[in-house]
Amino acid sequence: QVQVMESGGGSVQAGGSLRLSCAASGFKYRQRCVGWFRQVPGKGREEVATIDGRGVTRYADSLKGRFTISIDSAKTLTYLQMNSLIPEDTATYYCAAAQTPLVMANWCTFSLISGLRGGQGTQVTVSS
């Protein structure tokens with residue numbers, strides 16, 4: 001089982017940037033997926049981005065161009081770079097991870113991430 005821990009949240013003014021980190025441990029297979037989602041109290045979770053073990057990324061259409069997901073060379077830290085932040089980005093951000101010994105195309109998707117539990121989350125607050 002893969003365990004994750006988020007960090008890097010904080011308070012910024014609109015237009016600012018933050019970089020979130022997701023530390024994942026327990027990977028045994030190369031076929032892996034790490035994703036970020038966010039949630040506001042009283043609302044459903046919103047998938048943000050995913051990245052697989054080969055570095056293939058997916059983004060929510062509304063966030064393309066402002067958010068960038070990446071993974072470090074050791075493949076243990078996944079980052080979410082958030083630029084041009086707006087108040088609507090205020091939320092608790094979570095990461096989640098999965099792995100499989102199978103080789104499957106198009107496996108690391110929002111549908112996969114939507115069924116996973118995140119870590120404890122990290123709060124992002126954007127003020128106008």
Side-chain angles (χ1 to χ4, degrees):
Q1 184 177 354
V2 182
Q3 295 184 325
V4 296
M5 180 176 293
E6 306 91 341
S7 62
S11 297
V12 296
Q13 291 191 326
S17 299
L18 281 174
R19 189 177 79 162
L20 307 183
S21 298
C22 172
S25 61
F27 281 124
K28 296 191 298 182
Y29 306 114
R30 297 180 67 178
Q31 186 86 336
R32 57 188 66 176
C33 178
V34 179
W36 286 93
F37 62 93
R38 64 187 184 183
Q39 192 160 19
V40 175
K43 295 187 178 181
R45 58 195 274 176
E46 177 185 12
E47 276 63 44
V48 173
T50 63
I51 187 167
D52 70 12
R54 295 175 298 139
V56 176
T57 58
R58 300 175 189 264
Y59 295 94
D61 288 341
S62 62
L63 301 176
K64 285 180 182 177
R66 293 196 300 120
F67 288 19
T68 302
I69 189 170
S70 62
I71 193 164
D72 72 338
S73 58
K75 301 191 188 303
T76 57
L77 281 174
T78 301
Y79 303 106
L80 185 68
Q81 178 68 42
M82 307 185 296
N83 298 327
S84 302
L85 285 162
I86 59 177
E88 289 74 18
D89 294 320
T90 296
T92 302
Y93 284 71
Y94 302 87
C95 70
Q99 62 179 340
T100 177
L102 305 176
V103 178
M104 295 185 290
N106 300 317
W107 171 72
C108 184
T109 64
F110 287 158
S111 178
L112 172 67
I113 295 298
S114 68
L116 301 175
R117 292 184 62 182
Q120 86 287 353
T122 186
Q123 179 66 35
V124 171
T125 303
V126 184
S127 58
S128 58

> Under 3.5 Å, is there a donor-acceptor pair between the side chain of T122 and the main chain of G9?
Replying inline: yes
> So with a 6.0 Å cut-off around CD of Q123, is the heavy-atom count from everything else above 12?
Replying inline: yes
>> So R38 and L20, do their side chains get closer than 4.5 Å, heavy atoms only?
In response: no
>> Quick check against the 3.5 Å criterion: does Q31 have a side-chain atom that pairs as donor or acceptor with the backbone of M104?
In response: yes
> Short question: side chain of R32, backbone of Q99 - any donor-acceptor pair under 3.5 Å?
Replying inline: no
> Partners of D52 by salt bridge (charged side-chain N to carboxylate O under 4.0 Å, His left out), sequence neighbours excluded?
Replying inline: R54
> ring pair (Phe, Tyr, Trp, His ring centres under 6.0 Å) with F37: which of F110, Y94, Y93?
Replying inline: Y94
>> Quick one: does any side-chain atom of E6 pair with a main-chain N or O of Q120 as donor and acceptor, under 3.5 Å?
In response: yes
> With a cut-off of 6.0 Å (strictly less than), are more than 12 heavy atoms of other residues, nucleotides or ligands near CD of Q13?
Replying inline: no
>> Tell me if a side-chain donor or acceptor on Q3 pairs with a main-chain N or O of G26 at a distance below 3.5 Å.
In response: no
> Any side-chain hydrogen bond (donor to acceptor under 3.5 Å, both in side chains) pairs touching residues 104-118, not counting sequence neighbours?
Replying inline: R58-N106
> Quick check: does any side chain N or O of S84 sit under 3.5 Å from a backbone N or O of G15, one acting as donor and the other as acceptor?
Replying inline: no
